[in-house]
Amino acid sequence: MSFSNLGLSPEIVRAVTERGYNQPTPIQKQAIPVVLAGGDIMAGAQTGTGKTASFTLPLLQRLSTNKNSQSHAQGFPPIRALILTPTRELAAQVEESVRDYGKYLNLNSMVMFGGVSIGPQKRQLRTRVDILVCTPGRLLDHVQQGTVNLSRVEVLVLDEADRMLDMGFINDIRRILSLLPKQRQNLLFFATFSEKVKTLAAGLLHHPTMIEVARRNVTAAKVIQKVYHVDRERKRQLLSHLIRENKWYQVLVFSRTKYGADRLVKQLGEDRIQALAIHGNKSQGARTHALGKFKDGTLQVLVATDIAARGLDISELPHVINYDLPNVPEDYVHRIGRTGRAGAEGQAISLVCVDEHHLLADIEKLIEQRLPKEVVAGFGVNPDIKAEPIPNGRKAPSGGGGGGQRTRRSAPKSASQKSPRQPSSRTAAGDKKSGASSPTPRRSGKRR
Ligand code: AMP
(Lines give C-alpha, C1' and ligand atoms only; values in the text may rest on other atoms or scores of the structure.)
Protein backbone atom coordinates (compact mmCIF):
# COMPACT_ATOMS: atom_id res chain seq x y z
CA MET A 1 0.00 0.00 0.00
CA SER A 2 1.42 3.37 -1.01
CA PHE A 3 0.34 6.90 -0.20
CA SER A 4 -1.03 7.45 -3.70
CA ASN A 5 -3.24 4.36 -3.30
CA LEU A 6 -4.87 6.15 -0.41
CA GLY A 7 -6.13 8.82 -2.78
CA LEU A 8 -3.61 11.52 -1.97
CA SER A 9 -2.61 14.00 -4.65
CA PRO A 10 0.79 13.88 -6.38
CA GLU A 11 1.88 17.09 -4.60
CA ILE A 12 1.27 15.55 -1.21
CA VAL A 13 2.77 12.19 -2.13
CA ARG A 14 5.85 14.01 -3.37
CA ALA A 15 6.28 15.90 -0.10
CA VAL A 16 5.80 12.72 1.91
CA THR A 17 8.24 10.77 -0.24
CA GLU A 18 10.83 13.49 0.15
CA ARG A 19 10.40 13.14 3.86
CA GLY A 20 11.45 9.52 3.45
CA TYR A 21 8.16 7.75 4.10
CA ASN A 22 7.59 4.82 1.79
CA GLN A 23 4.51 3.35 3.33
CA PRO A 24 1.61 4.68 5.34
CA THR A 25 1.50 3.60 8.97
CA PRO A 26 -1.59 1.68 10.21
CA ILE A 27 -3.35 4.80 11.48
CA GLN A 28 -2.64 6.58 8.22
CA LYS A 29 -4.10 3.68 6.23
CA GLN A 30 -7.26 3.81 8.30
CA ALA A 31 -7.73 7.54 8.76
CA ILE A 32 -6.72 9.06 5.44
CA PRO A 33 -9.52 7.61 3.25
CA VAL A 34 -12.16 8.52 5.83
CA VAL A 35 -10.95 12.08 6.23
CA LEU A 36 -10.65 12.50 2.47
CA ALA A 37 -14.28 11.46 2.17
CA GLY A 38 -15.24 14.20 4.64
CA GLY A 39 -16.12 11.96 7.58
CA ASP A 40 -15.60 12.59 11.27
CA ILE A 41 -13.14 10.37 13.08
CA MET A 42 -12.40 9.44 16.62
CA ALA A 43 -8.95 7.95 16.77
CA GLY A 44 -7.01 6.37 19.59
CA ALA A 45 -3.33 6.73 18.81
CA GLN A 46 -0.26 7.75 20.68
CA THR A 47 2.65 9.86 19.54
CA GLY A 48 4.95 7.78 17.41
CA THR A 49 2.22 6.11 15.38
CA GLY A 50 2.26 8.67 12.58
CA LYS A 51 -0.99 10.22 13.79
CA THR A 52 -0.02 13.76 12.77
CA ALA A 53 0.27 12.86 9.10
CA SER A 54 -2.93 10.81 9.37
CA PHE A 55 -4.94 13.99 9.77
CA THR A 56 -2.61 16.55 8.18
CA LEU A 57 -2.29 14.89 4.78
CA PRO A 58 -6.00 14.47 4.02
CA LEU A 59 -6.78 17.85 5.57
CA LEU A 60 -4.31 19.54 3.25
CA GLN A 61 -5.78 17.74 0.31
CA ARG A 62 -9.35 18.68 1.16
CA LEU A 63 -8.50 22.32 1.64
CA SER A 64 -6.56 22.48 -1.60
CA THR A 65 -9.30 20.71 -3.55
CA ASN A 66 -12.26 22.64 -2.10
CA LYS A 67 -11.07 26.10 -2.83
CA ASN A 68 -12.35 28.73 -0.48
CA SER A 69 -14.64 30.68 -2.75
CA GLN A 70 -16.13 32.85 -0.05
CA SER A 71 -14.71 36.30 0.06
CA HIS A 72 -14.29 38.32 3.16
CA ALA A 73 -14.87 42.00 2.67
CA GLN A 74 -12.86 43.32 5.57
CA GLY A 75 -11.37 42.43 8.91
CA PHE A 76 -9.63 39.16 9.56
CA PRO A 77 -9.64 36.52 6.81
CA PRO A 78 -11.37 33.29 7.87
CA ILE A 79 -9.48 30.29 9.18
CA ARG A 80 -10.37 27.14 7.24
CA ALA A 81 -8.90 24.45 9.45
CA LEU A 82 -8.33 24.74 13.18
CA ILE A 83 -6.01 22.32 14.96
CA LEU A 84 -6.02 22.50 18.76
CA THR A 85 -3.22 20.94 20.79
CA PRO A 86 -2.57 20.81 24.54
CA THR A 87 1.00 22.09 24.49
CA ARG A 88 3.07 24.66 22.71
CA GLU A 89 5.63 22.13 21.58
CA LEU A 90 3.03 19.91 20.05
CA ALA A 91 1.47 22.91 18.28
CA ALA A 92 4.88 23.84 16.87
CA GLN A 93 5.57 20.27 15.74
CA VAL A 94 2.20 19.85 14.09
CA GLU A 95 2.47 23.14 12.24
CA GLU A 96 5.93 22.21 11.05
CA SER A 97 4.45 19.00 9.62
CA VAL A 98 1.63 20.96 8.00
CA ARG A 99 4.17 23.22 6.32
CA ASP A 100 6.37 20.38 5.28
CA TYR A 101 3.65 18.13 3.86
CA GLY A 102 1.94 21.11 2.23
CA LYS A 103 5.01 22.64 0.66
CA TYR A 104 3.79 21.98 -2.90
CA LEU A 105 0.32 23.36 -2.20
CA ASN A 106 -0.89 26.90 -2.08
CA LEU A 107 -2.05 26.91 1.52
CA ASN A 108 -0.89 29.03 4.42
CA SER A 109 -0.48 27.84 7.96
CA MET A 110 0.29 29.49 11.27
CA VAL A 111 1.20 28.31 14.73
CA MET A 112 0.00 30.28 17.71
CA PHE A 113 0.46 29.85 21.46
CA GLY A 114 0.85 31.82 24.64
CA GLY A 115 4.06 32.85 26.34
CA VAL A 116 5.13 34.94 23.37
CA SER A 117 3.94 38.40 22.42
CA ILE A 118 0.54 38.67 20.82
CA GLY A 119 1.25 41.56 18.42
CA PRO A 120 3.01 39.60 15.67
CA GLN A 121 0.26 36.96 15.86
CA LYS A 122 -2.38 39.62 15.26
CA ARG A 123 -0.47 40.86 12.26
CA GLN A 124 -0.18 37.38 10.84
CA LEU A 125 -3.89 36.75 11.39
CA ARG A 126 -4.61 39.75 9.17
CA THR A 127 -3.08 37.82 6.30
CA ARG A 128 -4.63 34.68 4.82
CA VAL A 129 -4.24 31.77 7.22
CA ASP A 130 -5.84 28.58 5.95
CA ILE A 131 -4.67 26.32 8.76
CA LEU A 132 -4.24 27.54 12.30
CA VAL A 133 -2.50 25.29 14.83
CA CYS A 134 -2.80 26.58 18.37
CA THR A 135 -3.31 25.99 22.05
CA PRO A 136 -6.77 26.85 23.41
CA GLY A 137 -5.79 29.66 25.79
CA ARG A 138 -4.10 31.92 23.28
CA LEU A 139 -6.82 31.30 20.73
CA LEU A 140 -9.38 32.59 23.23
CA ASP A 141 -7.23 35.66 23.87
CA HIS A 142 -7.55 36.44 20.17
CA VAL A 143 -11.25 35.67 20.19
CA GLN A 144 -11.69 38.12 23.03
CA GLN A 145 -9.80 40.79 21.15
CA GLY A 146 -11.66 40.08 17.93
CA THR A 147 -8.46 39.27 16.10
CA VAL A 148 -9.29 35.82 14.76
CA ASN A 149 -12.09 34.81 12.43
CA LEU A 150 -13.46 31.35 13.21
CA SER A 151 -16.77 31.83 11.40
CA ARG A 152 -15.85 29.64 8.45
CA VAL A 153 -13.86 26.79 9.93
CA GLU A 154 -14.37 23.74 7.71
CA VAL A 155 -12.29 21.22 9.68
CA LEU A 156 -11.59 21.02 13.39
CA VAL A 157 -8.86 18.77 14.78
CA LEU A 158 -8.49 18.11 18.50
CA ASP A 159 -5.08 16.53 18.91
CA GLU A 160 -4.42 14.73 22.19
CA ALA A 161 -7.90 15.61 23.34
CA ASP A 162 -7.53 13.48 26.47
CA ARG A 163 -4.57 15.53 27.54
CA MET A 164 -6.39 18.80 26.91
CA LEU A 165 -9.21 17.55 29.13
CA ASP A 166 -6.76 16.42 31.82
CA MET A 167 -5.24 19.87 31.74
CA GLY A 168 -8.61 21.44 32.45
CA PHE A 169 -9.25 22.90 29.01
CA ILE A 170 -12.84 21.65 28.75
CA ASN A 171 -14.46 25.06 29.20
CA ASP A 172 -12.05 26.64 26.76
CA ILE A 173 -12.83 23.93 24.23
CA ARG A 174 -16.57 24.33 24.71
CA ARG A 175 -16.25 28.06 24.21
CA ILE A 176 -14.25 27.56 21.02
CA LEU A 177 -16.76 24.99 19.72
CA SER A 178 -19.57 27.48 20.23
CA LEU A 179 -17.82 29.89 17.88
CA LEU A 180 -17.43 27.47 14.99
CA PRO A 181 -19.91 26.85 12.19
CA LYS A 182 -22.17 23.86 12.88
CA GLN A 183 -21.40 22.35 9.50
CA ARG A 184 -17.83 21.15 9.69
CA GLN A 185 -15.65 18.06 9.80
CA ASN A 186 -14.32 16.98 13.21
CA LEU A 187 -11.26 14.86 13.86
CA LEU A 188 -10.64 13.85 17.45
CA PHE A 189 -7.42 12.17 18.55
CA PHE A 190 -6.68 10.79 21.98
CA ALA A 191 -4.03 8.58 23.51
CA THR A 192 -6.05 7.21 26.39
CA PHE A 193 -9.77 6.70 26.25
CA SER A 194 -11.77 7.97 29.20
CA GLU A 195 -15.29 9.00 30.14
CA LYS A 196 -14.26 12.60 29.56
CA VAL A 197 -13.18 11.84 26.02
CA LYS A 198 -16.43 9.96 25.43
CA THR A 199 -18.51 12.90 26.66
CA LEU A 200 -16.58 15.35 24.52
CA ALA A 201 -16.94 13.11 21.48
CA ALA A 202 -20.67 12.77 22.07
CA GLY A 203 -21.17 16.49 21.74
CA LEU A 204 -18.80 16.98 18.87
CA LEU A 205 -18.78 14.17 16.35
CA HIS A 206 -21.32 13.13 13.74
CA HIS A 207 -21.33 9.44 12.91
CA PRO A 208 -17.61 9.15 13.49
CA THR A 209 -15.50 6.32 12.24
CA MET A 210 -13.71 4.87 15.22
CA ILE A 211 -10.09 4.13 14.60
CA GLU A 212 -7.65 2.58 16.94
CA VAL A 213 -4.12 1.52 16.41
CA ALA A 214 -2.53 -0.88 18.77
CA ARG A 215 -1.54 0.65 22.00
CA ARG A 216 2.13 0.25 22.48
CA ASN A 217 2.72 -2.97 24.24
CA VAL A 218 4.46 -1.81 27.35
CA THR A 219 5.61 -5.30 28.12
CA ALA A 220 7.48 -5.57 24.84
CA ALA A 221 10.89 -7.05 25.27
CA LYS A 222 12.37 -3.99 23.61
CA VAL A 223 11.69 -1.92 26.71
CA ILE A 224 13.45 -3.23 29.77
CA GLN A 225 11.55 -2.00 32.79
CA LYS A 226 13.07 -2.01 36.23
CA VAL A 227 12.38 -0.58 39.64
CA TYR A 228 15.22 0.48 41.91
CA HIS A 229 14.11 0.83 45.50
CA VAL A 230 15.94 3.68 47.16
CA ASP A 231 15.55 6.00 50.12
CA ARG A 232 13.78 9.28 49.50
CA GLU A 233 16.84 11.35 50.33
CA ARG A 234 19.21 9.35 48.16
CA LYS A 235 17.41 9.41 44.84
CA ARG A 236 19.53 12.17 43.41
CA GLN A 237 22.77 10.45 44.37
CA LEU A 238 21.53 7.23 42.84
CA LEU A 239 20.56 8.97 39.62
CA SER A 240 23.98 10.59 39.27
CA HIS A 241 25.63 7.28 40.10
CA LEU A 242 23.64 5.40 37.45
CA ILE A 243 24.30 8.02 34.77
CA ARG A 244 28.02 8.12 35.52
CA GLU A 245 28.65 4.43 36.06
CA ASN A 246 26.73 3.33 33.00
CA LYS A 247 27.87 6.30 30.89
CA TRP A 248 24.29 7.01 29.93
CA TYR A 249 23.63 9.62 27.31
CA GLN A 250 20.32 11.09 26.14
CA VAL A 251 18.55 10.41 29.39
CA LEU A 252 14.99 11.65 29.75
CA VAL A 253 14.16 12.05 33.42
CA PHE A 254 10.60 12.59 34.60
CA SER A 255 9.87 14.73 37.58
CA ARG A 256 6.43 15.00 39.11
CA THR A 257 6.70 18.74 39.63
CA LYS A 258 8.18 21.81 37.98
CA TYR A 259 9.95 22.70 41.19
CA GLY A 260 11.40 19.22 41.47
CA ALA A 261 12.60 19.38 37.85
CA ASP A 262 14.48 22.65 38.40
CA ARG A 263 15.96 21.41 41.63
CA LEU A 264 17.15 18.21 40.04
CA VAL A 265 18.82 20.06 37.16
CA LYS A 266 20.73 22.13 39.71
CA GLN A 267 21.76 19.09 41.67
CA LEU A 268 22.87 17.19 38.59
CA GLY A 269 24.92 20.24 37.64
CA GLU A 270 26.62 20.05 41.01
CA ASP A 271 27.45 16.44 40.14
CA ARG A 272 28.87 17.68 36.81
CA ILE A 273 26.12 16.15 34.77
CA GLN A 274 24.75 18.47 32.16
CA ALA A 275 20.99 18.77 32.41
CA LEU A 276 18.19 21.15 31.44
CA ALA A 277 14.54 21.20 32.42
CA ILE A 278 11.46 21.52 30.30
CA HIS A 279 8.16 22.45 31.95
CA GLY A 280 5.35 24.93 31.85
CA ASN A 281 7.15 27.70 33.73
CA LYS A 282 10.01 27.80 31.28
CA SER A 283 9.93 30.43 28.56
CA GLN A 284 9.26 29.20 25.09
CA GLY A 285 12.83 30.04 24.13
CA ALA A 286 14.25 27.98 26.98
CA ARG A 287 12.04 25.02 26.12
CA THR A 288 12.94 25.10 22.45
CA HIS A 289 16.62 25.44 23.30
CA ALA A 290 16.59 22.50 25.73
CA LEU A 291 14.65 20.29 23.37
CA GLY A 292 16.89 21.15 20.43
CA LYS A 293 20.04 20.29 22.37
CA PHE A 294 18.54 17.08 23.66
CA LYS A 295 17.40 15.98 20.23
CA ASP A 296 20.72 16.66 18.56
CA GLY A 297 22.54 14.74 21.27
CA THR A 298 24.46 17.63 22.81
CA LEU A 299 22.51 17.59 26.09
CA GLN A 300 23.05 14.59 28.33
CA VAL A 301 19.94 14.82 30.49
CA LEU A 302 16.55 16.41 29.92
CA VAL A 303 14.35 16.65 32.99
CA ALA A 304 10.68 17.00 32.13
CA THR A 305 7.26 17.08 33.69
CA ASP A 306 4.63 14.87 32.12
CA ILE A 307 2.66 17.52 30.36
CA ALA A 308 5.72 19.29 29.00
CA ALA A 309 7.02 16.03 27.59
CA ARG A 310 3.71 15.05 26.19
CA GLY A 311 3.51 14.91 22.44
CA LEU A 312 7.15 15.73 21.90
CA ASP A 313 8.55 13.93 18.94
CA ILE A 314 11.49 12.46 20.76
CA SER A 315 11.68 8.79 20.30
CA GLU A 316 14.01 5.84 20.41
CA LEU A 317 15.55 7.11 23.58
CA PRO A 318 17.89 4.68 25.24
CA HIS A 319 16.98 5.68 28.82
CA VAL A 320 13.84 6.97 30.45
CA ILE A 321 14.05 7.47 34.19
CA ASN A 322 11.10 7.98 36.47
CA TYR A 323 12.73 10.05 39.15
CA ASP A 324 9.29 10.37 40.70
CA LEU A 325 6.50 7.99 39.92
CA PRO A 326 3.58 9.76 38.30
CA ASN A 327 0.39 10.34 40.27
CA VAL A 328 -1.62 9.12 37.33
CA PRO A 329 -0.65 5.55 36.35
CA GLU A 330 -1.39 6.13 32.65
CA ASP A 331 1.44 8.64 32.62
CA TYR A 332 3.83 5.77 33.32
CA VAL A 333 2.81 4.21 30.03
CA HIS A 334 3.26 7.50 28.17
CA ARG A 335 6.62 8.04 29.76
CA ILE A 336 8.10 4.69 28.95
CA GLY A 337 6.65 4.86 25.45
CA ARG A 338 9.53 7.18 24.70
CA THR A 339 12.03 4.40 24.73
CA GLY A 340 12.66 1.23 22.79
CA ARG A 341 11.00 2.36 19.61
CA ALA A 342 11.47 1.10 16.08
CA GLY A 343 13.59 -1.87 16.99
CA ALA A 344 15.86 0.03 19.35
CA GLU A 345 16.14 -1.42 22.82
CA GLY A 346 15.51 0.91 25.70
CA GLN A 347 15.52 0.99 29.45
CA ALA A 348 12.79 2.45 31.61
CA ILE A 349 13.93 2.72 35.19
CA SER A 350 11.87 3.91 38.11
CA LEU A 351 13.46 5.16 41.32
CA VAL A 352 10.93 4.32 43.99
CA CYS A 353 11.04 5.39 47.61
CA VAL A 354 8.85 4.18 50.44
CA ASP A 355 6.35 7.02 49.91
CA GLU A 356 5.56 5.79 46.43
CA HIS A 357 4.67 2.16 46.99
CA HIS A 358 0.98 2.80 46.44
CA LEU A 359 1.74 4.58 43.16
CA LEU A 360 3.82 1.60 42.05
CA ALA A 361 0.95 -0.73 42.92
CA ASP A 362 -1.42 1.39 40.79
CA ILE A 363 0.98 1.21 37.85
CA GLU A 364 1.43 -2.54 38.11
CA LYS A 365 -2.32 -2.93 38.22
CA LEU A 366 -2.74 -0.83 35.09
CA ILE A 367 -0.07 -2.59 33.06
CA GLU A 368 -1.06 -5.95 34.52
CA GLN A 369 2.52 -6.78 35.19
CA ARG A 370 4.83 -6.99 38.18
CA LEU A 371 7.95 -4.97 37.54
CA PRO A 372 11.31 -6.46 38.49
CA LYS A 373 12.70 -4.79 41.58
CA GLU A 374 16.31 -4.33 42.56
CA VAL A 375 18.48 -2.42 44.96
CA VAL A 376 21.69 -0.91 43.67
CA ALA A 377 24.81 -1.81 45.68
CA GLY A 378 25.61 1.01 48.07
CA PHE A 379 22.03 2.31 47.93
CA GLY A 380 20.34 -0.19 50.25
CA VAL A 381 16.99 0.82 51.66
CA ASN A 382 16.80 1.81 55.31
CA PRO A 383 13.80 -0.12 56.70
CA ASP A 384 13.39 2.38 59.55
CA ILE A 385 12.32 5.13 57.20
CA LYS A 386 8.56 5.32 57.26
CA ALA A 387 6.37 6.28 54.36
CA GLU A 388 5.27 9.88 54.33
CA PRO A 389 2.27 11.11 52.44
CA ILE A 390 2.94 12.96 49.22
CA PRO A 391 0.83 16.00 50.08
CA ASN A 392 -1.35 16.70 47.06
CA GLY A 393 1.32 14.98 45.08
CA ARG A 394 3.59 17.90 45.87
CA LYS A 395 6.29 16.43 47.95
CA ALA A 396 9.42 16.08 45.90
CA PRO A 397 11.39 13.05 46.95
CA SER A 398 14.81 13.64 48.34
CA GLY A 399 13.43 16.14 50.74
CA GLY A 400 12.24 18.65 48.19
CA GLY A 401 9.21 20.84 48.35
CA GLY A 402 6.35 21.18 45.99
CA GLY A 403 5.69 22.75 42.70
CA GLY A 404 3.04 22.66 40.07
CA GLN A 405 1.35 19.36 40.35
CA ARG A 406 -1.21 17.80 38.15
CA THR A 407 -4.73 17.90 39.31
CA ARG A 408 -7.47 16.54 37.20
CA ARG A 409 -10.71 18.11 36.45
CA SER A 410 -13.86 16.14 37.00
CA ALA A 411 -15.73 14.92 33.99
CA PRO A 412 -18.41 17.26 32.74
CA LYS A 413 -21.71 16.58 34.46
CA SER A 414 -23.93 16.38 31.45
CA ALA A 415 -23.66 15.50 27.87
CA SER A 416 -26.66 17.17 26.37
CA GLN A 417 -25.71 16.43 22.82
CA LYS A 418 -26.29 13.29 20.93
CA SER A 419 -24.00 10.31 21.10
CA PRO A 420 -21.62 9.38 18.39
CA ARG A 421 -22.48 6.16 16.66
CA GLN A 422 -21.01 3.37 18.63
CA PRO A 423 -18.22 1.42 17.04
CA SER A 424 -19.03 -2.06 15.92
CA SER A 425 -16.13 -3.88 17.44
CA ARG A 426 -13.60 -1.89 19.21
CA THR A 427 -11.87 -1.18 22.41
CA ALA A 428 -10.56 2.29 22.63
CA ALA A 429 -6.91 2.62 23.48
CA GLY A 430 -6.21 2.54 27.14
CA ASP A 431 -9.71 1.70 28.21
CA LYS A 432 -8.46 -0.17 31.22
CA LYS A 433 -9.44 2.06 34.04
CA SER A 434 -6.78 2.97 36.48
CA GLY A 435 -6.95 3.09 40.18
CA ALA A 436 -6.04 6.76 40.01
CA SER A 437 -7.32 8.86 42.80
CA SER A 438 -10.40 10.90 42.17
CA PRO A 439 -10.03 14.00 40.12
CA THR A 440 -9.77 17.42 41.67
CA PRO A 441 -11.55 20.24 39.90
CA ARG A 442 -9.41 23.04 38.62
CA ARG A 443 -10.40 26.33 37.15
CA SER A 444 -8.49 26.59 34.00
CA GLY A 445 -5.99 24.76 31.83
CA LYS A 446 -2.56 24.86 33.33
CA ARG A 447 0.68 23.87 31.84
CA ARG A 448 3.38 22.01 33.62
P1 AMP B 1 3.54 11.18 15.17
O2 AMP B 1 2.90 9.95 15.70
O3 AMP B 1 2.64 11.95 14.28
O4 AMP B 1 4.13 12.03 16.27
O5 AMP B 1 4.78 10.73 14.24
C6 AMP B 1 5.88 10.08 14.77
C7 AMP B 1 7.06 10.07 13.82
O8 AMP B 1 6.82 9.19 12.73
C9 AMP B 1 7.40 11.41 13.21
O10 AMP B 1 8.78 11.61 13.34
C11 AMP B 1 7.01 11.28 11.76
O12 AMP B 1 7.83 12.09 10.97
C13 AMP B 1 7.18 9.81 11.50
N14 AMP B 1 6.27 9.27 10.45
C15 AMP B 1 4.98 9.60 10.23
N16 AMP B 1 4.48 8.88 9.22
C17 AMP B 1 5.44 8.05 8.80
C18 AMP B 1 5.50 7.04 7.75
N19 AMP B 1 4.46 6.75 6.99
N20 AMP B 1 6.67 6.39 7.61
C21 AMP B 1 7.73 6.67 8.41
N22 AMP B 1 7.73 7.60 9.40
C23 AMP B 1 6.60 8.29 9.59
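If you're wondering where the values come from, they're calculated on a predicted model, not measured in any experiment. Whatever order the structure lists them in is the order used to number ligands and atoms, beginning at 1.
- At a threshold of 4.5 Å between non-hydrogen side-chain atoms, the residues T257 and T305 do not count as touching.
- Between the side chain of N149 and the backbone N or O of F76, at least one donor-acceptor pair lies under 3.5 Å.
- Taking only nitrogen or oxygen atoms, main chain and side chain alike, A53 does not reach within less than 3.5 Å of ligand 1.
- Not one N or O of N22 is nearer than 3.5 Å to an N or O of ligand 1, by distance alone.
- With ligand atoms numbered from 1 in the order given, ligand 1 contributes 12 (O) to contacts under 4.0 Å with heavy atoms of R19.
- Residues passing the side chain to side chain donor-acceptor pair (under 3.5 Å) test with T298, sequence neighbours excluded: D296.
- When non-hydrogen atoms are compared, ligand 1 lies under 4.0 Å from neither the backbone nor the side chain of F55.
- The residue among A45, G50, S97, P26 with a heavy atom at the shortest distance from atom 1 (P) of ligand 1 is G50.
- The cationic atom of K235 (NZ for Lys, CZ for Arg) lies less than 6.0 Å from the six-membered ring centre of Y323 and within 45° of the ring axis.
- For ligand 1, the atoms lying closer than 4.0 Å to a non-hydrogen atom of T25 are 17 (C), 18 (C), 19 (N).
- When all heavy atoms of V129 and S109 are compared, the closest pair comes out as CG1-C, 4.4 Å.
- Nearest heavy atom pair, residue T85 against residue T87, reads OG1-O, 3.0 Å.
- Side-chain N or O atoms of Q300 include one that pairs as donor or acceptor with a backbone N or O of W248 at under 3.5 Å.
- Atoms of ligand 1 lying under 4.0 Å from at least one heavy atom of Q23, given by number and element, are 18 (C), 19 (N), 20 (N).
- Here's the thing with Q28: one of its N/O atoms is less than 3.5 angstrom from an N/O atom of ligand 1.
- In the vicinity of T52, heavy-atom distances shorter than 4.0 Å reach the ligand 1 atoms 1 (P), 3 (O), 4 (O).
- If you number the atoms of ligand 1 from 1 as listed, the ones under 4.0 Å from a heavy atom of T49 come out as 2 (O).
- For the residues F189, Y101, F3, Y21, the heavy atom positioned nearest atom 17 (C) of ligand 1 is part of Y21.
- Relative to the six-membered ring of F113, R138 misses at least one condition, a distance below 6.0 Å or an angle of at most 45° to the axis.
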